[in-house]
Colleague: 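This is the structure, below, for whatever I ask next.
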Amino acid sequence: MERLATLEDLPKEYVEALTAKNVVPLWPSLRDVLPPYTPKPKTQTIAWKYQEIRPLLMQAGELTPIEKAERRVLVLANPGHKLENMCATSVMYLGLQLLLPGEWAPSHRHTPNAVRLIVEGNGAYTSVDGEKCEMERGDLILTPSGMWHEHSHDGDSEVVWLDVLDLPLVYYAEASYVEEGEKVKGEHSTIPVIYGPGIVPTENFQRNNAQYPILRYPWANTKKSLESIASNEDVDMVQVTYINPETGKDAQNVIGFSAIMLRPNEVLRLPRRSCAVIFHIIEGKVVVDVDEVRHELINSDTSCAPCFAHITLTNQNDTPAFIFVADESPFQKKLGLYSERQRTDV
Ligand code: 1HN
């Protein structure tokens with residue numbers, strides 16, 4: 001590809017005249033915004049080790065009362081996007097949130113979509129549009145765009161969860177805002193489980209909630225499903241995707257959620273995909289190789305990888321490993337941006 005002229009190739013007075021009229025020449029930036037064949041991601045391959053961050057999160061619990069934080073979160077920030085921008089990838093935000101016994105994180109709703117993946121502790125719950133979602137380790141709880149949510153804690157130990165939001169994307173689109181809810185800690189009901197394996201209600205039952213019919217995906221179910229798939233030796237990649245049972249499509253609109261099981265000592269080479277990805281270890285010890293970077297992850301560690309990376313997951317234990325995965329594929333597919341490449345391609 002032809003090397004194009006730079007700003008320095010132009011007379012200084014000409015560049016100043018352009019600037020004064022709020023115009024810029026395209027050609028000095030063209031190769032940056034349209035790099036040949038492969039994007040140049042700002043997203044760096046990063047790991048956040050839970051045992052290193054946990055003490056700092058507990059310290060936040062002592063330093064900042066919940067009333068002064070609203071959400072007591074340490075954001076897992078990717079230095080490639082500058083820490084203050086609070087991006088794990090260009091689309092995904094990640095944070096570790098702490099709720100102490102008796103605390104309440106007040107009701108609000110906002111335009112970004114969020115999910116929680118529970119990391120530790122018992123006795124807390126999130127209420128989503130009045131539905132009480134118990135928080136147990138490994139559970140996935142959705143709080144989609146526009147739904148009221150608050151977090152409460154009736155137990156007696158610290159509760160920590162991983163928040164995954166599409167905040168960087170929504171903020172970039174200048175579409176991010178919040179509304180404050182009623183300051184009442186109301187009674188919560190649990191909607192009965194109406195979606196079974198392969199069954200949905202035929203009649204309009206609770207269709208007011210049908211856009212997001214499942215808000216809590218208990219880990220126990222996901223794990224059982226993975227173990228069952230793994231028992232079939234013909235299956236190379238033991239993975240389940242969290243979906244909306246009414247549509248059969250992704251559970252949320254922008255970020256896709258799935259879980260992978262690695263059999264004892266399994267090595268899994270992932271397809272190269274056009275979207276960035278996040279891994280969070282629910283159980284086990286996993287070596288994550290991303291291009292030339294290696295991270296050794298254990299329970300509750302989190303890492304991310306940029307688009308088109310060569311990713312290999314290795315289970316170093318004689319017991320299975322379980323990984324929660326979040327990626328940008330629903331968003332990219334909706335925009336027609338999604339693709340996959342062979343590992344041998346450049
Ligand atoms: C939010 O609403 C929560 O509800 C957590 O727990 C983290 C980060 C940015 C914007 C909104 C929550 C958030 C957030």
Side-chain angles (χ1 to χ4, degrees), residues 89 91-92 94 112-118 126 128-129 131 133-147 149 161-166 169 190-232 235-262 268 270-271 273-280 282 322-340:
T89 71
V91 169
M92 295 190 279
L94 291 177
N113 292 283
V115 302
R116 342 253 150 227
L117 195 280
I118 314 310
T126 292
V128 188
D129 271 4
E131 179 175 339
C133 299
E134 308 279 353
M135 294 173 141
E136 285 180 34
R137 190 166 191 280
D139 290 355
L140 181 71
I141 298 173
L142 310 188
T143 59
S145 177
M147 291 179 78
H149 55 282
W161 62 83
L162 178 73
D163 292 312
V164 187
L165 284 85
D166 52 18
L169 176 75
T190 302
I191 293 177
V193 178
I194 58 171
Y195 296 90
I199 53 170
V200 297
T202 306
E203 283 290 315
N204 274 348
F205 176 71
Q206 304 215 333
R207 280 299 201 276
N208 57 338
N209 199 22
Q211 209 188 338
Y212 294 99
I214 297 186
L215 295 171
R216 174 179 178 230
Y217 297 76
W219 172 241
N221 295 351
T222 309
K223 186 175 179 181
K224 251 186 256 160
S225 172
L226 287 167
E227 286 169 338
S228 174
I229 295 167
S231 65
N232 182 339
V235 177
D236 288 336
M237 179 154 162
V238 183
Q239 183 174 28
V240 292
T241 300
Y242 294 92
I243 61 153
N244 177 329
E246 288 280 357
T247 63
K249 303 214 168 96
D250 295 289
Q252 286 193 170
N253 283 329
V254 176
I255 303 178
F257 306 100
S258 62
I260 290 176
M261 175 179 148
L262 296 177
L268 186 65
L270 298 183
R273 306 170 87 212
S274 56
C275 53
V277 60
I278 278 159
F279 302 109
H280 175 82
I282 296 182
F322 296 91
I323 308 167
F324 171 69
V325 182
D327 69 54
E328 303 158 352
S329 60
F331 159 73
Q332 287 206 339
K333 285 176 182 170
K334 286 186 178 78
L335 269 61
L337 303 173
Y338 182 80
S339 67
E340 292 187 11

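Please read these numbers as outputs of a predicted model, since none were measured by experiment.
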Colleague: I want to check something: taking the side chain as every heavy atom from C-beta on, are Ile229 and Gln239 in contact at a cut-off of under 4.5 Å?
Modeller: no
Colleague: Counting distance only, does the side-chain N/O of Tyr242 pair as donor-acceptor with the main-chain N or O of Ala259 below 3.5 Å?
Modeller: no
Colleague: With a 4.5 Å limit on heavy-atom distance, are the side chains of Met92 and Val277 in contact?
Modeller: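 The answer is no, as the side chains (C-beta and beyond) never meet within the 4.5 Å cut-off.
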Colleague: With a sphere of 6.0 Å drawn around CG of Asp236, does it hold more than 12 non-hydrogen atoms of other residues, nucleotides or ligands?
Modeller: no
Colleague: Measuring from atom CZ of Arg116 to atom OG1 of Thr126, what distance do you get when rounded to the nearest 0.5 angstrom?
Modeller: 6.0 Å
Colleague: Please round to the nearest 0.5 Å and tell me the distance separating atom CD1 of Ile260 and atom OG1 of Thr241.
Modeller: 9.0 Å
Colleague: What are the two closest heavy atoms between Pro112 and Leu165, and how far apart are they?
Modeller: CB-CD2, 4.2 Å
Colleague: Show the nearest heavy-atom pair for residues Ala276 and Thr89, with the distance to one decimal.
Modeller: CB-CG2, 3.7 Å
Colleague: What distance do Leu268 atom CG and Met237 atom CE have between them, rounded to the nearest 0.5 Å?
Modeller: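 Between atom CG of Leu268 and atom CE of Met237 there are 5.5 Å.
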Colleague: Can you tell me if Arg216 uses its side chain to pair, donor with acceptor, with the backbone of Asp139 under 3.5 Å?
Modeller: no
Colleague: Do the ring planes of Phe324 and Phe257 sit parallel (below 30°), tilted (30 to 60°) or perpendicular (above 60°)?
Modeller: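 The arrangement is parallel - the two ring planes meet at less than 30°.
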Colleague: Can you name the ring-ring contact (aromatic ring centres under 6.0 Å, His included) partners of His149, sequence neighbours left out?
Modeller: His108, His110
Colleague: Under a 4.5 Å cut-off applied to non-hydrogen side-chain atoms, are Tyr195 and Glu246 in contact?
Modeller: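 Sidechains of Glu246 and Tyr195: in contact.
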Colleague: Please indicate whether Lys249 has more than 12 foreign heavy atoms, meaning atoms of other residues, nucleotides or ligands, lying under 6.0 Å from its NZ.
Modeller: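 Check fails, neighbour count at 12 or below.
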Colleague: Side-chain contact, heavy-atom cut-off 4.5 Å: Leu142 with Val128?
Modeller: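 Leu142 does not reach Val128 side chain to side chain.
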Colleague: Looking at Tyr217 and Ala251, what are the two nearest heavy atoms and their distance?
Modeller: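 Nearest heavy atoms, Tyr217 then Ala251: OH-CB, 3.7 Å.
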Colleague: Less than 4.5 Å apart, any side-chain heavy atom of Ser274 and any of Leu337?
Modeller: no
Colleague: Are Ile118 and Glu136 close enough that some pair of their side-chain heavy atoms sits under 4.5 Å apart?
Modeller: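 No, their side chains stay 4.5 Å or more apart.
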Colleague: If I compare all heavy atoms of Pro144 with all of Leu215, which pair ends up nearest, and what's the gap?
Modeller: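 Result for this residue pair: CD-CD2, 4.2 Å.
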Colleague: Rounded to the nearest 0.5 Å, what separation is found between the OG atom of Ser228 and the NZ atom of Lys223?
Modeller: 14.0 Å
Colleague: Would you say the side chains of Glu328 and Tyr338 form a donor-acceptor pair under 3.5 Å?
Modeller: no
Colleague: Hey, does Trp219 have a side-chain heavy atom less than 4.5 Å from the side chain of Leu117?
Modeller: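 Leu117 does not reach Trp219 side chain to side chain.
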Colleague: Please enumerate all residues that pass ring-ring contact (aromatic ring centres under 6.0 Å, His included) together with Phe279, with sequence neighbours excluded.
Modeller: none
Colleague: Is the shortest heavy-atom distance from the side chain of Ile255 to the side chain of Asn113 under 4.5 Å?
Modeller: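 Of all side-chain heavy-atom pairs linking Asn113 with Ile255, none is under 4.5 Å.
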Colleague: Distance-only, no hydrogens or angles: does the Asn244 side chain make a donor-acceptor pair with backbone N or O of Asp250 under 3.5 Å?
Modeller: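 Pair absent, no side-chain N/O of Asn244 close to backbone of Asp250.
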Colleague: Work out which heavy atom in Gln252 is nearest to a heavy atom in Ala114; give both atom names and the distance.
Modeller: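 So the two residues come closest at OE1-O, 3.2 Å.
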Colleague: First locate atom CG of Leu94, then atom CD1 of Ile278, and finally report the distance between them rounded to the nearest 0.5 Å.
Modeller: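 One gets 3.5 Å once the value is rounded to the nearest 0.5 Å.
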Colleague: Apply salt bridge (charged side-chain N to carboxylate O under 4.0 Å, His left out) to Asp166 and list each qualifying residue two or more places apart in sequence or on a separate chain.
Modeller: none
Colleague: Looking only at non-hydrogen atoms, find the nearest pair between Pro271 and Glu340 and report the distance.
Modeller: CB-OE1, 4.0 Å
